[in-house]
Undergrad: 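One structure, pasted below without further comment.
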Amino acid sequence: MPALARQLAGLGGCTHPIRLDGQRTEYGVDTRTGEIGNVLHRLDSATLPAGHLLVRCNNRRTTRCAACAEVYRRDTYHLITAGLRGGKGTPEQVATHPRVFATFTAPGFGPVHNRRTDGRPCRCGTRHDQDDAVLGTPLDPDSYDYEAAVLWNAHVGALWRRFSIYLRREVAKRAGLTQRAFRDHARISFAKVAEYQKRGAVHFHAVIRLDGPEGGDTPPPVWATAELLTDAIHAAATAARIDGPVIDGRAHTFVFGRQLDVRPIRSADFDGGQDLTERAVAAYIAKYATKGAEAATGTLDRPIRFLAELAQARITDHVRRMIRTAWALGARRDLEHLRLRAWAHMLCFRGHFATKSRRYSTTLGALRTARADWRRAQTAPPVPQDGETTLVLAHWVFAGTGLSAAETWLTASLEPALGTEGEPTHG
């Protein structure tokens, strides 16, 4: 039992691990002769207490695995913070670069139940509570443009790419530079996260930063200011446009919504809630990195193979109609490239929830590798002697997922092993 408890504690609370059969053997290798020497370490799944090697599922959704989603949230927080303050291999001077926090919304597809910011009631005449289930659902479902709403989600990733191209053009124009010359003077770095509104439409929150030509390692030019960047974002967002498919004679075109919020980020902590700070931005983005469509809209958190599965699903009528619309559009041969049926459970958004440009900061992979290296170092395996290196031979096969009833009970009573939960986000 103690050995099984140690193996399960190493999952850090993951409740849906991947089970693997196989072995991993490390040999010492003489670098002078190439001769393979003694076995330094051997791991065989058959000798493990659980009978398998258990690997974290690393699912970012809180509805699927709360423990792995929390690690993902913490990693995302530190990734965003590194691009604002420095650290994790990112120079601290990025804190002096112009940067803004921007929110890009979806256009309207028909009036929905909402909570007005001016205190007035909704169009239906009701002042809705913030937890009212009807928020985000159409006032008149029969006139709501479900077709455009589904196709918007399927094309919003391409619209962001178009915006990022236009943004470089707009910044270069305001600096009096050609697009080619702009590359020698500055670079635009960003990190963004997708969020579902209650109506099921995707919008983006993004940190956008102006750097020197080599990214965060180089200072931006003197003309680079948060005001110039803000102006360029407004212009690029207005100009960005994607032509969509023609459905039964109707041509679809996709643009961002009219509500575009761009605010500069200051280098300090909270100040009476009046200013947008680095910590506030990082925490806000990390919060949405672990949520999918199911968290905001109540849709499914996994793909469906047949439309009949909706009969047993506990979802709203609004979500049900969006999925049915996606399923119907997915049957069209001219829309096969959008894979609408495969992504119907996500209301047809096919992109990554959290993305960044190459030079913004570190990567999630680097953070995971650093955590794994730290945990591996704690086990202190035999170290090769001078003149030796290590040869690793491994073979693993998939053996299933999840925990047994006994393992689930034991996991719930354990504290996660040190180094499995990700770096805290406080302080």
Undergrad: Determine whether D75 and R371 satisfy the following criterion, side-chain contact (heavy atoms from CB on, under 4.5 Å), listing intermediate values before the conclusion.
TA: CA-CA 10 Å; D75 284 350; R371 185 163 54 247; 3.0 Å; yes
Undergrad: Donor-acceptor pairs under 3.5 Å, side chain of residues 396-404 to any protein atom, not counting sequence neighbours: which ones?
TA:
residue: S404; atom: OG; partner: E407; partner atom: N; Å: 3.1
residue: S404; atom: OG; partner: E407; partner atom: OE1; Å: 3.4

Undergrad: Looking at E336, I'd like to know if its CD atom is crowded, meaning that more than 12 non-hydrogen atoms belonging to other residues, nucleotides or ligands lie closer than 6.0 Å.
TA: yes
Undergrad: Side chains of L48 and L43, heavy atoms from C-beta outward: is any pair under 4.5 Å?
TA: yes
Undergrad: Suppose we screen for ring-ring contact (aromatic ring centres under 6.0 Å, His included). Which residues come up paired with H128, at least two apart in sequence or across chains?
TA: H113
Undergrad: Tell me whether Y360 contacts the main-chain N or O of I208 through its side chain, where contact means a donor paired with an acceptor under 3.5 Å.
TA: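 Judged by distance alone, no pair lies under 3.5 Å.
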Undergrad: Strictly distance-based, threshold 3.5 Å: is any side-chain N or O of R99 a donor or acceptor partner for the main-chain N or O of L84?
TA: yes
Undergrad: Are R168 and F182 in a cation-pi contact, defined as NZ or CZ under 6.0 Å from the six-membered ring centre and within 45° of the axis?
TA: no
Undergrad: Could you grab the distance from atom CG of D132 to atom CZ of R127, nearest 0.5 Å is fine?
TA: 14.0 Å
Undergrad: Salt bridge (Lys or Arg N to Asp or Glu O under 4.0 Å): which pairs involve residues 133-154, sequence neighbours left out?
TA: D142-R321, D145-R250, E147-R250
Undergrad: Got I323 and I304 here, is their nearest side-chain heavy-atom distance under 4.5 Å?
TA: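 When only atoms from C-beta onward are counted, I304 and I323 do touch, with a gap below 4.5 Å.
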Undergrad: Measure from the side-chain N and O atoms of T15 to the backbone N and O of C65, and report whether any donor-acceptor pair falls under 3.5 Å.
TA: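 Checking the backbone N and O of C65 against the side chain of T15, no donor-acceptor pair under 3.5 Å is found.
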Undergrad: Which side-chain N or O atoms in residues 2-9 pair as donor and acceptor under 3.5 Å with protein atoms at least two apart or in another chain?
TA:
residue: Q7; atom: OE1; partner: A50; partner atom: N; Å: 3.0
residue: Q7; atom: NE2; partner: H52; partner atom: O; Å: 2.9

Undergrad: Do the side chains of L139 and Y144 get nearer than 4.5 Å, heavy atoms only?
TA: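 No, side chains not in contact.
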Undergrad: Could you grab the distance from atom CD of Q23 to atom OG1 of T47, nearest 0.5 Å is fine?
TA: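 Between atom CD of Q23 and atom OG1 of T47 there are 10.0 Å.
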Undergrad: Please step through side-chain contact (heavy atoms from CB on, under 4.5 Å) for the pair R24 and V392, ending with a clear verdict.
TA: CA-CA 7 Å; R24 181 181 189 274; V392 178; 3.7 Å; yes
Undergrad: Is the number of heavy atoms from other residues, nucleotides or ligands under 6.0 Å of R116 CZ greater than 12?
TA: yes
Undergrad: Using modelled atom types and a 3.5 Å cut-off, is there a donor and acceptor pairing between side-chain atoms of R266 and backbone atoms of T277?
TA: no
Undergrad: Looking only at non-hydrogen atoms, find the nearest pair between T76 and L364 and report the distance.
TA: N-CD2, 4.0 Å
Undergrad: Tell me whether N153 contacts the main-chain N or O of L347 through its side chain, where contact means a donor paired with an acceptor under 3.5 Å.
TA: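 Yes, the answer is positive, given that a donor and an acceptor are paired below the 3.5 Å cut-off.
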Undergrad: In sequence, state the C-alpha distance, the side-chain angles, and the governing distance for R56 and V71, and then conclude on side-chain contact (heavy atoms from CB on, under 4.5 Å).
TA: CA-CA 11 Å; R56 295 181 68 125; V71 173; 3.3 Å; yes
Undergrad: Are the side chains of Y72 and N59 in contact, using a 4.5 Å heavy-atom criterion?
TA: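 A side-chain contact under 4.5 Å is absent here.
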Undergrad: Drop me the distance from L307's CG to R341's CZ, to the nearest 0.5 angstrom.
TA: 7.5 Å
Undergrad: Is it true that a side-chain atom of H318 and a backbone atom of R199 form a donor plus acceptor pair closer than 3.5 Å?
TA: yes
Undergrad: Under a 4.0 Å N-O cut-off, is there an ion pair linking D231 with R174?
TA: yes
Undergrad: Can you tell me if H352 has over 12 outside heavy atoms packed within less than 6.0 Å of its NE2?
TA: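 Not more than 12 within 6.0 Å, no.
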Undergrad: When rounded to the nearest 0.5 angstrom, what is the spacing between CH2 in W152 and CZ in F256?
TA: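 Rounded to the nearest 0.5 Å, the CH2-CZ separation comes out at 5.5 Å.
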Undergrad: Output all residues satisfying side chain to side chain contact (heavy atoms under 4.5 Å, CB included) with T363, sequence neighbours left out; order by chain, then residue number.
TA: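 Listed in chain order: K356, A366.
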Undergrad: At what distance, to the nearest 0.5 angstrom, does NZ of K192 lie from CZ of F163?
TA: 11.0 Å
Undergrad: Any sub-3.5 Å donor-acceptor pair from R162's side-chain atoms to I242's backbone N or O?
TA: no
Undergrad: Do H155 and L159 have side chains that approach each other closer than 4.5 Å (heavy atoms only, starting at C-beta)?
TA: no
Undergrad: Say you draw a straight line from CG of L151 to CG of L335; how long is it, rounded to the nearest 0.5 Å?
TA: 6.5 Å
Undergrad: Check this for me: R320, atom CZ, are more than 12 non-hydrogen atoms of other residues, nucleotides or ligands nearer than 6.0 Å?
TA: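 It does: R320 CZ has more than 12 such atoms within range.
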Undergrad: Please report the closest heavy-atom contact between L11 and L54, naming both atoms and the distance.
TA: CD2-O, 3.6 Å
Undergrad: Under a 4.5 Å cut-off applied to non-hydrogen side-chain atoms, are I188 and L210 in contact?
TA: yes
Undergrad: Should we say atom CD of E92 is surrounded by more than 12 heavy atoms from elsewhere, each under 6.0 Å from it?
TA: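 At most 12 heavy atoms, drawn from other residues, nucleotides or ligands, come within 6.0 Å of this atom.
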Undergrad: Kindly determine whether T103 and R263 satisfy side-chain contact (heavy atoms from CB on, under 4.5 Å), including the steps that lead there.
TA: CA-CA 9 Å; T103 298; R263 289 185 282 170; over 6 Å; no
Undergrad: Show the nearest heavy-atom pair for residues P213 and R183, with the distance to one decimal.
TA: CB-O, 3.5 Å
Undergrad: Quick check against the 3.5 Å criterion: does S361 have a side-chain atom that pairs as donor or acceptor with the backbone of L79?
TA: yes
Undergrad: For the residue pair R169 and Y166, establish whether any side-chain heavy-atom pair is separated by less than 4.5 Å.
TA: yes
Undergrad: Considering non-hydrogen atoms only, spot the tightest contact between S357 and S189 and give its length.
TA: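 In terms of heavy atoms, the two residues are closest at OG-CA, 3.2 Å.
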Undergrad: Provide the closest heavy-atom pair for V262 versus A102 in the form atom of the first, atom of the second, distance.
TA: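 Heavy atoms of V262 and A102 come nearest at CG2-CB, 4.1 Å.
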Undergrad: What pairs of donor and acceptor atoms, side-chain ones from residues 215-227 against any protein atom, are under 3.5 angstrom apart with sequence neighbours left out?
TA:
residue: T218; atom: OG1; partner: E214; partner atom: N; Å: 3.1
residue: T218; atom: OG1; partner: G215; partner atom: O; Å: 3.1
residue: T225; atom: OG1; partner: L228; partner atom: N; Å: 3.0

Undergrad: Is R332 salt-bridged to D248, going by a charged N under 4.0 Å from an acidic O?
TA: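 Salt bridge flag = yes for D248 with R332.
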Undergrad: Tell me the closest heavy-atom pair linking V150 and C348, and the distance in Å.
TA: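 Heavy atoms only, the tightest pair is CG1-SG, 3.4 Å.
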Undergrad: Is there a side-chain contact between P121 and T126 (heavy atoms, below 4.5 Å)?
TA: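 No, side chains not in contact.
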Undergrad: For the backbone of M346 and the side chain of Y196, can you confirm whether one donor and one acceptor N or O come within less than 3.5 Å of each other?
TA: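 Yes, because the side chain of Y196 sits within donor-acceptor range (under 3.5 Å) of the backbone of M346.
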Undergrad: Taking T105 for its side chain and Q259 for its backbone only, find out whether a donor-acceptor pair lies under 3.5 Å.
TA: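 Between the backbone of Q259 and the side chain of T105 there is a qualifying donor-acceptor contact (under 3.5 Å).
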Undergrad: Using the ring-ring contact (aromatic ring centres under 6.0 Å, His included) rule, pick out the option among F254, F204, W160 that qualifies with F104.
TA: W160
